Each structure stands twice: as C-alpha cells, then as structure tokens.
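Remember, predicted model here, so these are calculated numbers, not experimental data.
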Amino acid sequence: MKTQGEIEAAICAGMSRFEQEYMGRGPKDIHAHLIGDLLVVRLQGVLTAAEQHLVTALPAEKGRDLLKQVRAQLIEVARPALESLVQDITGIKPLSLHHDISTLTGEEVVIFTLAEAPLYREAKKK
C-alpha cells in the first residue's frame, strides 16, 4: 500500500507524461493534493509557445475563449486515459473530472472526484 505522498507523486508523474504526449509540452511545475475523495492537480507553465502567441495576437476575449475551448475539447477526448491513470494509481474509480486553464498565468487545474477516498498507509516518521 502506498503513502499519500507516493500516490500524489505518481499522479504528478502520470499527468506530466500526459501533458507531454497529448499537449506537446510538460508543465514547468506540478503538484497533486489528495483531499478525501478529491484529487486536485495544479500544473504551472503549461501553455505552448503557439498558445501564448494565440492569446496575445487575438483580441483578449477571443484568444482566451478559443484556447479554453481547444483545451477543454482535448481534455474531453483524453478523459478515458486520464481516468484510467487515476484509477490505476489510486485504486478508486473517478466519478467526474473538472478542468480550467488561465491564459494569463499559464496555470491549469484538473480536479477529479473519486467514488471514495483512497486508502493509504501513514508515512514513516523520520
């Protein structure tokens, strides 16, 4: 049985691989937080050069909306792979996935609600 930290680290590694393979760029920084039956993944520095250019080249709302639509569609297409990743690591089936991205900061948040809180062992004290 894994510790909470081991689960969170495995989620970070898997989400980072996903970003690299599906989006063409991995995050500059990533953190996962398991809070009961919620899994929150925060990725920073995920916008590609093309996405950054799109956001600055078009009128503000149009570029932002277009980028968010594209990212949302990509996440929906990849949903089965992301849910499988989370279930393989936590042992719990995800019930829902929520996603948003900031075009200003390049920060992305992915939240999974799980069928129940995963079991994990306590980390050994040093």
Side-chain angles (χ1 to χ4, degrees):
M1 184 182 287
K2 298 175 190 162
T3 66
Q4 180 177 353
E6 289 169 339
I7 292 171
E8 292 169 345
I11 292 292
C12 287
M15 288 294 291
S16 197
R17 271 192 316 276
F18 165 79
E19 286 285 326
Q20 182 67 43
E21 293 169 8
Y22 280 77
M23 306 298 186
R25 174 195 170 116
K28 288 183 178 167
D29 197 23
I30 182 169
H31 295 279
H33 305 279
L34 186 56
I35 309 161
D37 64 351
L38 279 181
L39 175 62
V40 180
V41 185
R42 180 181 178 199
L43 306 99
Q44 295 172 298
V46 296
L47 294 180
T48 65
E51 289 172 329
Q52 291 171 0
H53 183 69
L54 177 73
V55 171
T56 57
L58 294 175
E61 290 173 10
K62 186 172 184 171
R64 181 195 68 218
D65 291 349
L66 186 57
L67 176 63
K68 285 182 178 247
Q69 287 173 1
V70 168
R71 282 283 180 145
Q73 190 61 43
L74 288 168
I75 291 292
E76 282 304 313
V77 168
R79 179 186 289 262
L82 289 170
E83 290 178 345
S84 177
L85 168 81
V86 169
Q87 185 165 352
D88 290 349
I89 293 169
T90 64
I92 306 295
K93 179 177 176 44
L95 297 177
S96 64
L97 181 155
H98 309 274
H99 167 267
D100 198 11
I101 188 165
S102 169
T103 57
L104 294 176
T105 64
E107 181 176 78
E108 183 175 26
V109 178
V110 183
I111 301 171
F112 296 90
T113 56
L114 307 175
E116 60 186 293
L119 295 176
Y120 52 84
R121 66 178 167 80
E122 291 297 316
K124 293 181 177 140
K125 306 285 187 219
K126 291 186 178 184

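Judged by distance alone, with hydrogens and angles left aside, the side-chain atoms of Thr113 form a donor-acceptor pair with the main-chain N or O of Ser96 at under 3.5 Å. In this structure, Gln20 contributes its side chain and Gly26 its backbone to a donor-acceptor pair below 3.5 Å. Between the side chain of Arg121 and the backbone N or O of Met1, at least one donor-acceptor pair lies under 3.5 Å. With hydrogens and angles ignored, the 3.5 Å screen pairs a side-chain donor or acceptor of Lys68 with a backbone N or O of Ile101.
A continuous path of hydrophobic side-chain contacts links Ile7 to Ile92 [ILVMFWY only; heavy atoms under 4.5 Å]. A chain of hydrophobic side-chain contacts below 4.5 Å, direct or via other Ile, Leu, Val, Met, Phe, Trp or Tyr residues, connects Tyr120 to Ile11. Follow the hydrophobic side-chain contacts under 4.5 Å out from Val109 and you never reach Leu74; the two are in separate clusters. Transitive grouping of hydrophobic side chains (ILVMFWY, heavy atoms separated by less than 4.5 Å) keeps Leu38 and Val110 in distinct clusters. Cluster membership for Ile111 and Met23, using ILVMFWY side-chain heavy atoms within less than 4.5 angstrom, is not shared.
In the model, Gln4 has a side-chain atom that pairs as donor or acceptor with a side-chain atom of Glu8 under 3.5 Å.
Ion pairing between a basic and an acidic side chain is recognised when a charged N comes within 4.0 Å of a carboxylate O; Glu76 and Arg79 show such pairing. No salt bridge links Arg25 with Glu51; every basic N to acidic carboxylate O contact stays at or beyond 4.0 Å.
In this structure, CG on Leu95 lies 9.0 Å from CD on Glu83, to the nearest 0.5 angstrom. Atom CG of Leu47 sits about 13.5 Å away from atom NE2 of His53, to the nearest 0.5 Å. In this structure, OG1 on Thr48 lies 8.0 Å from CG on Leu67, to the nearest 0.5 angstrom. Between Tyr22 atom OH and Leu82 atom CG the span is 7.5 Å, to the nearest 0.5 Å. Rounding to the nearest 0.5 Å places CZ of Arg64 at 11.5 Å from CG of Leu66. Interatomic distance, Leu97 CG to His99 NE2, rounded to the nearest 0.5 Å: 8.0 Å.
Inter-residue side-chain proximity for Phe112 and Leu34 is flagged as unmet; no heavy-atom pair is nearer than 4.5 Å. Considering only heavy atoms from C-beta on, Thr103 stays 4.5 Å or farther from Leu54 through its side chain.
Around atom NE2 of His33, more than 12 heavy atoms belonging to other residues, nucleotides or ligands sit under 6.0 Å away. Applying the 6.0 Å contact sphere to CZ of Arg42 captures no more than 12 heavy atoms from other residues, nucleotides or ligands.
Annotation for Ala117 and Asp37: closest pair N-CB, 3.8 Å, computed over non-hydrogen atoms. For Pro118 against Gly36, the heavy-atom pair with the smallest separation is CD-O, 3.5 Å.
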- Message: Let's go through Thr56 and Gln52 carefully: what are the C-alpha distance in whole Å and the side-chain angles of both, what is the deciding distance for side chain to side chain contact (heavy atoms under 4.5 Å, CB included) to 0.1 Å, and is it a yes or a no?
- Response: CA-CA 6 Å; Thr56 57; Gln52 291 171 0; 5.8 Å; no
- Ile30 and Glu19: side chain to side chain contact (heavy atoms under 4.5 Å, CB included), yes or no, with the steps? CA-CA 11 Å; Ile30 182 169; Glu19 286 285 326; over 6 Å; no
